[in-house]
Each structure stands twice: as C-alpha cells, then as structure tokens.
Colleague: 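Questions regarding the structure given below will be posed in turn.
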Amino acid sequence: MTTYPHLLAPLDLGHVRLRNRVLMGSMHTGLEETGDWGRVAAFYAARAAGGAGLIVTGGMAPNREGGVFPGAAGLFSDTDIANHRRVTDAVHDAGGLIAMQILHAGRYAYGKECVAPSAIKSPISPFVPRELDAEGIEKQITDIVTAAVRAREAGYDGVEIMGSEGYFLNQFLVRHTNRRDDDWGGSYENRMRLPVEVVRRVREAVGPEFILIYRISLIDLVPDGSSWEEVVQLARAIEAAGASLLNTGIGWHEARVPTIATSVPRAAFTWLTARLRPEVGIPVITSNRINTPEVGERVLAAGQADMVSMARPFLADANFVAKAAAGRAEEIAPCIACNQACLDHTFSGKLTSCLVNPRACHETELVYTPSEAPKRVAVVGAGPAGMMTALVAAERGHQVVLFDRAERVGGQLHLAASVPGKEEFKGLIAWFGTMLERSTVELRLGAEARPEDLAGFEQVVIATGVAPRDPGIAGQERALSYLDVLQGAPVGRRVAVIGAGGIGFDVSEYLVHSGTSPTEDLALWRREWGVGDPAEAAGGLAAPAPEAPAREVWLLQRKAEKPGRGLGKTTGWIHRAALAAKGVKMMGGVSYKAITPEGLLVERDGAEQVLPVDDVVLCAGQVSERSLADALIAMGITPHVIGGADVAAELDAKRAIDQGARLAAAL
Ligand code: NAP
Ligand code: SF4
C-alpha cells in the first residue's frame, strides 16, 4: 500500500489512461527558442521518466501576433513539426504522455502586432493592442485550431488551451478588457463565445481520441473580473464543447495579489477547484503552491480535485513522482517557490533553471558522470554552496569530508527560514540534511577546520560564506546585526533598518510580524492581500485588511532610488507591497551620521533628523569570509573558493548552489 493512494491512482480518460494524478503544468523555459531540440527533448523526457502522469509543454504561439514575445516558439512549419516530434518521441520512449499548450497572449503579447477584443492596454505591457474585427477573430480561431491539428501531427497526446491568467481568451470573458458590442461582447453569452467556439472547433478538428485540456480562470483577481456564476457557466459550456479536462488558472498576470510566490500558503486556491468539481462531469485539475506529495495527496483525498498540477516542482526534481512512489519522498528536492532561477530568468530573457537543481533545463550540459579517478575532497562550509559541492562530488564517487564550525548544516539558509513568508527554506534545509545523511559524505560539524586539517586532501573547496560588512557608523556598537535579530535577539517597538537589500527587506518583514505567519494561515493571508470570493465580488477581490504591524519600521538606504529595486524581478513588488501594507517607511538618499541613545541621526535632502528608534539593525551587505582560503594559499595549497567566500556581492543561494554543482561536476 502506497503512502499516496490518491495521487498515484490512474485516471481513465476513455481513450487513454493517465498513470497517476500528477500533471506537470506548463512552464515557459526558453529551451525551444534555443533551437536545440535535443535539449528540449532531454528536458521533457527526464520528467516523463520521473513519473509525471501527463506533461504540458510551455505555451506555443498559434500565430505571430499571439506570441508572448516576438519570435516565441510555435508550430508554424513542417520543420517545427519535425522538431516537436523529437520531443514527443523522447517522452513516449520514456513512458510518458505529453500535451502541447496553445497560448495566445492577446494584449499580453510583447509586440506592436498584438491583438485583443478591445484596444485597451494592459498595465504590464507598453503596447496598445489592435481591436480585432469579426474576420480577425475568425483568423485567430483558425490559427488555434491549426496549431492543435499540427500538435497531433507532431505526436502530442493532446493540447491544453490556455484560457486563464488574463491571456487572449480570458480577455474576451470580462468587461475589464472586452468592451465590444457585437456577437463577441456585451452579454456573458457573447463574451464567452470565443473560448467555447475555440474548444468546439478544436475538438471537431482533432477527433475524440485526443486529450483537450482547457485552462479556466477560477478567480481573476482583477477589477470587473468573472463572477463565480460566470465561471460555472463557462465550465459547463466548455465541457459540452468537448474538453476532456479542466485545469485551474488563478489570477491574471496583472493582478496585484501574489498567486505562486513562496509567501502564498500551500494549496491556497484548491477551495475554488473543490467548488467547481461538482458542477461539471469532467475531471478538474487544481494548481498553485502544491509542492510536496503530501499536499497533493491531501487535496485529492479531500475530494477537492481529480488531479493536481505542479509545474516548478518538476524543475526542482524531475523524479518527483518516482521518488514519491518508491517511498523516498524526503529525497524530492523541494521547489521553494522563490522564482529566482525560473520566472525571474524568463522575464529577464534568460534560460530557465532552478535554484535547487542547476541541472534543470541544462540536462545535456551539466552532467554528473562517475569520476574516473576518485579523490579525497575536503569541503569547508556547510551552507548551500558547500552542501551542493559535497553531494555532487560524493555522487560522482569522490571521498568527501564536509566541515562546518556550526553544529548543524544549512548555513545562512537558516536565516532565510526564520523570516515569515520564507518557511519553504525549512524544507530545503531538511532535504540537504537527508541527502547528506544518505550519501557517503563524512560530516565534521561543530569544529573549526584548520589549515593543517586540510593538508592531506587532494582537493580543497572553501565555501566559508560571508561576514556582515562593517558600515563604520558612529555609535554602531549600540546597533544589532541582522544575524542577532534573525536568531531571536529582543528588538524594541521602533526600529531603523540600515540597508534595503534582500536582507534588509527580510529583516523588516520579520520585524513587522508577530504570531502566526500569514503563509501558514490561509484565512489570515487572504485578509492581508484582499483575496475574497468570486461568488461575492466579481474577480474575487476584497479590501485588504492587514493585521497591525508588530513594530514601527524605517527601512533605509543611501542610494537615492526607490528601495527594493534590486529584488527579484517577479517577486520584488510583493516584498515592497507587503512592507508598505505594514506602514514601513522606505527611504532612499539617506546618509547615516550617528547612532545615539535618542535614535538614529540621519541626513536627507540636506537636512538632519533623528529617527526616534529603540533599535538600529545593520543589514549593510556582506564581505567574503576568506581567512581560511588565504591561510591555505600561504601554505602553498590552492583551494577552490566558491559561493560568498568567492564573491559576496549579489550573493544568493542560486549562485552558490549553481557554482557548487558545477565545480563538483568537474572535480
Ligand atoms: P545587498 O543586497 O548587497 O544590500 C546591501 C544593502 O546595504 C544595500 O541596501 C546597500 O544600499 C547597503 N549598504 C551597502 N554598503 C553600505 C555601507 N557601507 N553602509 C551602509 N549601508 C550600506 O546585500 P544583502 O541585503 O546583505 O543581501 C545579500 C544577498 O542575499 C542579496 O544580494 C540577495 O541576492 C540575497 N538575498 C536575496 C533575497 C531575496 O529576496 N531574493 C533575500 C535575502 C537575501 P546603499 O549602498 O544604497 O546604502
Ligand atoms: Fe522552484 Fe525556485 Fe526552482 Fe523556480 S527556482 S523551480 S521557484 S525552487
């Protein structure tokens, strides 16, 4: 008897049987645009071999005007079909099934050619879309149908039609973006005509033996969004038009509510799928912030959905399902929903990868082959860089000893884990701990590694991390360091935080909260962000009602720009909005004069003022901790220096883990 009987139960779709209830959700990786189809095939085949019940590809454009960006991949020619055939063959050979997502971006298309129901610019795009006439709409339908037919020719087992997240089909549904008064606008009957017509014609064109998933928005989280009654009406019409499965979409891309970030509670939106399920006869798939087999099993066992969709967790671990099925769930590398190497990369035009798994989308390039000449390897520092180096080196057959002066592994990850909204880091630390325990790595914790301890090793890796920068402010002996604060030191009611980088933001978040973290209390989190019920307010928006802040906080930096500009591309706005909601006063252009018993004396715009705070917390960046590396070099030993010990600026766990993995792959 498996621990996950619901998750691992097959699902019969009539003409085809899915081997389990796990859908690998659609993600744009950027791989198709590299033109290296062997690499695309390797990425998906690894996930098929790892047990995903059904894979959905990244969104493919049905035509040029509907591409998310100019040059976005699609199925436009025979060559495209042949390329996609390599992917579907590889997935089938690995025992999987794969559907292609057809994504028409409408007004979200990043290009002058973009089209939409009405000429209304989106707040997240500089382009005003062209309003389609009846003929133009007909062309879009034909192009989507053609894409579906080509997908079948390319060997896909089905298609997913993207009808949520505020993309083209979703734009027709709501008055927010559809101001038409012809057959495609006005009444809801008319506004939903396009998605229903698309599904009907796709089904007609591909025949009955082809999976057709429709991704439906259950809560738009934008003003004037769909009401629950409309969602149900659409779902039933989509079913009648021939869809095999309904997948859940949550929130438009322009919504000002986080929907997948790490601070969103796990399974935060499954209550909506649970409500839809009894309204339709086809299986419904739930999604958003489901990242462990336990959560997936719980949701399915509670009858909230027929399948769970996980996307980013398949970047973190291609073998998610296989490990769950083999009773090795604790070995699943956890997606911590940080977006740092996936969505942040996508939106910066970089290839996707994963903070916890640098091999994601790099399967053919970063390969851990057994070492031909195993060596004795010392790794000093059991933070993310050191732990990853040790694990990969041991996997390759090296004899590894991992040193840390602390009694436990994890390094600075423990600091992140103590911040409200970053609880997922606890799972990452636990995973590293499990993997180290089950590896051949010898752990030497609780003792400083001295240069003489390292003399007998053939390779020495220094991953000693960082130390707080000394900002040299008069009276700073009165201040606390971020290390003290995040490790639980008492802090007064009014606090100035010096430095508005990632850690200054984290510390501020820590200081304004007390009691339960909203991430661990769904009702509280919904109040904080104003997530209501689409049955009560169209689009599901409610007035945010955040708890009063636990402290009064000033978050300061010297640069004149707006604090938080350097935060993650897709998550920075969430951190800024969360602190603003707690009344944090974010100030740039500040110079620090002195820390006195009265508070913090600063100068801003040529005027001095005392911020009347009880405590000042220093978050002024970090410097490399290289003393051991320097001592070894003086002894004539050349170590490999990685992570923060190598470069402290802009250090984050993504770079540390990636550098550790790549070094270990080459040792
Ligand atoms: P950081 O991002 O480099 O920020 C350091 C802050 O200190 C800046 O606001 C800087 O602003 C200020 N500063 C620098 N020198 C100073 C000086 N001499 N006196 C006073 N202030 C000074 O470093 P961090 O906050 O320590 O974070 C380290 C890294 O951890 C980040 O780069 C980030 O990648 C990672 N991290 C990321 C997140 C995340 O949300 N993704 C969260 C935590 C940590 P001014 O120079 O303008 O004063
Ligand atoms: Fe998850 Fe972060 Fe990896 Fe993206 S980069 S898949 S969010 S762990």
Side-chain angles (χ1 to χ4, degrees), residues 25 27 29 260-264 289 291 310-318 320 333-346 352-361 384 412-413 415-417 419 421-422 424-425 427-428 431 465-473 476 479 481-483 486 496-510 555-572 574-576 578 586-592 602 616-623 643-644 647-658:
M27 284 177 287
T29 60
I260 59 164
T262 192
S263 56
V264 176
R289 288 292 283 118
N291 64 342
M310 289 179 260
R312 297 170 298 171
F314 279 97
L315 293 176
D317 200 325
F320 185 104
C335 165
I336 57 170
C338 64
N339 285 359
Q340 280 175 254
C342 51
L343 281 169
D344 284 352
H345 278 206
T346 304
T352 288
S353 188
C354 174
L355 177 139
V356 305
N357 175 22
R359 291 203 64 224
C361 299
Q412 297 233 357
L413 293 179
L415 298 180
V419 176
K422 291 203 162 179
E424 289 291 352
F425 276 87
L428 180 56
W431 176 77
V466 291
R469 174 186 285 132
D470 174 2
I473 301 169
Q476 70 182 25
S481 134
Y482 64 87
L483 292 170
L486 295 179
V497 175
I498 289 187
I503 291 181
F505 267 81
D506 275 358
V507 165
S508 301
E509 190 78 48
Y510 176 92
L555 174 58
L556 313 169
Q557 72 180 20
R558 296 170 306 172
K559 286 186 284 295
E561 66 189 35
K562 210 165 86 178
R565 269 190 59 185
L567 297 175
K569 199 147 178 108
T570 61
T571 53
I574 301 170
H575 296 298
R576 286 190 295 272
M586 292 175 243
M587 291 160 60
V590 173
S591 71
Y592 312 110
V602 297
V616 174
V617 185
L618 301 177
C619 304
Q622 332 203 24
V623 291
V647 183
E650 305 286 305
L651 169 68
D652 60 23
K654 179 185 78 173
R655 176 160 63 78
I657 290 174
D658 186 73

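Position 1 is the first residue of the sequence; numbering continues from there. Basis for what follows: all heavy atoms, side chains included, without hydrogens, waters or symmetry-related copies. Both counts, for ligands and for their atoms, begin at 1 and track the order of listing.
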Colleague: Counting heavy atoms only, name the option from Q412, R565, K559 that's nearest to atom 11 (O) of ligand 1.
Modeller: K559
Colleague: What I want to know is whether L567 and ligand 1 share at least one N or O pair that is separated by under 3.5 angstrom.
Modeller: no
Colleague: Check contact between C619 and ligand 1, using heavy atoms of the residue and a distance below 4.0 angstrom.
Modeller: yes
Colleague: Sub-3.5 Å donor-acceptor pair from the side chain of R312 to the main-chain atoms of I260, do we have one?
Modeller: yes
Colleague: Report the member of Q476, Q340, R469, K422 with the shortest heavy-atom distance to atom 40 (O) of ligand 1.
Modeller: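 Answer by nearest heavy atom: K422.
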Colleague: Short N/O distance, under 3.5 Å, between D506 and ligand 1?
Modeller: no
Colleague: List for me each residue that meets side-chain hydrogen bond (donor to acceptor under 3.5 Å, both in side chains) alongside T570, sequence neighbours excluded, and say none if there are none.
Modeller: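 Per chain and number, T570 pairs via side-chain hydrogen bond (donor to acceptor under 3.5 Å, both in side chains) with N339, D344.
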Colleague: So how many protein N, O or S atoms does atom 4 (Fe) of ligand 2 have within less than 2.8 Å?
Modeller: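 Count of protein N, O, S atoms less than 2.8 Å from atom 4 (Fe) of ligand 2: 1.
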Colleague: Considering distance alone, does some N or O of G568 sit under 3.5 Å from an N or O of ligand 1?
Modeller: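 By distance alone, the answer is no.
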Colleague: Look only at the side chain of R576 and the backbone of G564, and say whether a donor-acceptor pair between them is shorter than 3.5 Å.
Modeller: yes
Colleague: What I want to know is whether G502 and ligand 1 share at least one N or O pair that is separated by under 3.5 angstrom.
Modeller: yes
Colleague: Could you see which bit of Y592 sits under 4.0 Å from ligand 1, with heavy atoms only: side chain, backbone, both or neither?
Modeller: side chain
Colleague: Answer with side chain, backbone, both or neither: which part of P563 has a heavy atom less than 4.0 angstrom from an atom of ligand 1?
Modeller: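 Neither part.
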Colleague: Checking the N or O distance criterion of under 3.5 Å, is ligand 1 in contact with D470?
Modeller: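 Between D470 and ligand 1, no N or O pair is found under 3.5 Å apart.
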Colleague: Going by distance only, is there an N or O of I503 that falls short of 3.5 Å from an N or O of ligand 1?
Modeller: yes
